[in-house]
Number of protein chains: 2
Amino acid sequence: MPRPTGGVRTADAMHEAAAELFYLHGYEATSLRQVAARIDIQVGSLYNHINGKDDLLRNIMLGVMNDLLAAQRTALRGRTDVVDRLRAAIDCHIRFHAGKAREVFIGNSELRSLGDKDRRTVVAKRDQYEKVLRVLVEEAAAQGRADVVDTRLSVYAIVAIGTHVSTWYRPQGELSIDQIVAKNIVLCLRQLGVSADEIEAIEAASAVGA
Amino acid sequence: MPRPTGGVRTADAMHEAAAELFYLHGYEATSLRQVAARIDIQVGSLYNHINGKDDLLRNIMLGVMNDLLAAQRTALRGRTDVVDRLRAAIDCHIRFHAGKAREVFIGNSELRSLGDKDRRTVVAKRDQYEKVLRVLVEEAAAQGRADVVDTRLSVYAIVAIGTHVSTWYRPQGELSIDQIVAKNIVLCLRQLGVSADEIEAIEAASAVGA
DNA sequence: CCATGCTGAGCGGACGTTCGTTTGTTCGTC
DNA sequence: GACGAACAAACGAACGTCCGCTCAGCATGG
């Protein structure tokens, strides 16, 4: 059944099926036959949309990194106060890692399955993302708004929480996404040595919205 | 070349080679032929020591979990003050995840490659490990020694830092393992709402040893 | 002398990929 | 509205390769 107008849908369904299977079983353990079966087509038909299996992984990983960077830009847009920018960046970080848990998990666990060129691209984007956090932490410290032990370790701690959230978060869990975000923001700001007063003000502000 | 006394050595070398390859390429992407080649024997010979490829993964993962639990028990032995116990548990956690980065990384990324029974065993051990941390955090809060936002999220944050450390730590890095441990302990205690005075005392004590 | 452990050939099967064929759709022409 | 060329996309069989695994045979140290 050729579907001239359905072509785009097939391509989308294929990437969706691939993301789900890569998430569940990993890239290497997923066969193209499984991907094809999930959208009820034959293996060979996949090659109307991709040049090879690696295309599927590349598209997913580059996509999630671009989305992550875009989300960070959007979250910071229009904010000037450095602690507010930090709060917004952490909010975005946790929320994104919970909301796109599947893609983020693939992004973090399948880096080594990527070819050299693509891996370098993804790592560069990750570095770019982390650099924004690092600069924010440095600025907060420079302005005396944070008492930072070690910039790199502090940024890693924030990153680590997001990565970890993507491994356990499920929408039907006992904590809502807003609660998870709000509480983790407090943990991160504490860790950064932001004053208790400032953290309380931020907590109060987020409680208004809840 | 049969090696009557070398049998044990072959078994050890095989597990070592498997761990290295699983770490570098992942379980599914590693073939038994690669494992065999790394210790200069033929594929079939591996079966003198294992019943199947999954034995290699099982041994590595059960081994690392047992080691982790043992390290935690040792770290806590003889300590009574709850904040000191927390500090020791975090110290052990970070140090173990840096020192056994390879095995820990495999343990965290290859859970899904394990059979049902073994996965349940590993998850149970991980739960047991996290429960010790959870109880410590609850005790510290109950004694008024910590101002905990959310027990589960705080424990997850500690766990996440360890997992993350295992992805980037290299012995020749610019921070020594002792520095990484000491600084991360401060981050974790801050996040747990331990008082600045207590944290300073702990920092001073570790600085003496450095 | 025999248990231990390695060799080396080989099994069946699954893999990613290719390709000629078939099918459904679009669109210009009359 | 009917025709037919052009095209996109799925089919399905086949390809060579690699996989995990088995096993008969042989070497050697205790």
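Letters A, B, ... are given to chains in the order of the sequence lines, protein chains preceding strands, and every chain is numbered from 1.
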If we count only N and O atoms by modelled type, under 3.5 Å, do the side chains of B:His97 and B:Tyr169 hold a donor and an acceptor together?
no
Looking across every strand, which nucleic acid part, if any, lies under 4.0 Å from B:Ser31 by heavy atom: base, sugar-phosphate, or nothing?
sugar-phosphate
Rounded distance in Å - CG (B:Asn48) to P (D:dT28):
17 Å
Look at the aromatic rings of B:Trp168 and A:Tyr156 and report parallel, tilted or perpendicular, splitting at 30° and 60°.
tilted
Carboxylate-amine/guanidinium proximity below 4.0 Å for A:Asp84 and A:Arg87:
yes
Would you say B:Thr10 reaches C:dC6's phosphate, i.e. side-chain N/O to OP1/OP2 under 4.0 Å?
yes
Could you state the atom-to-atom distance from CG of A:Asp40 to P of D:dG12 in whole Å?
13 Å
In whole Å, I'd like the distance from the CG atom of B:Leu46 to the P atom of D:dC19.
13 Å
Side-chain contact check for B:Tyr47: nearest option of C:dT17, D:dA9, D:dT22 is D:dT22
Round to a whole Å and report the spacing from NZ of B:Lys53 to P of D:dC19.
9 Å
Check ion pair B:Arg102-B:Glu16 (N to O, under 4.0 angstrom)
yes
Just the rounded figure in Å: distance from P of D:dC18 to NE2 of B:His25.
16 Å
As a test of reading the structure: which of C:dG10, D:dA9, C:dC15 is closest to the side chain of B:Arg33, going by heavy atoms?
C:dG10
In whole angstroms, the gap separating P of D:dG20 from CG of B:Leu56 amounts to 10 Å
Does D:dA9 have OP1 or OP2 under 4.0 Å away from a side-chain N or O of A:Ser45?
no
Please state how far atom CD in B:Gln42 lies from atom C1' in D:dC23, giving the value in whole angstrom units.
15 Å
So, is B:His49 near the phosphate of C:dT4, with a side-chain N or O under 4.0 Å from OP1 or OP2?
no
Identify the heavy atoms of B:Ala88 and B:Leu76 that sit nearest to each other, and give their distance.
CB-CD2, 4.5 Å
Return whichever of A:Leu32 or B:Gly44 has its heavy-atom-nearest nucleotide of DNA chain C closer to the 5' end.
B:Gly44
A:Ile50 CD1 to D:dA9 P, in whole Å, measures 14 Å
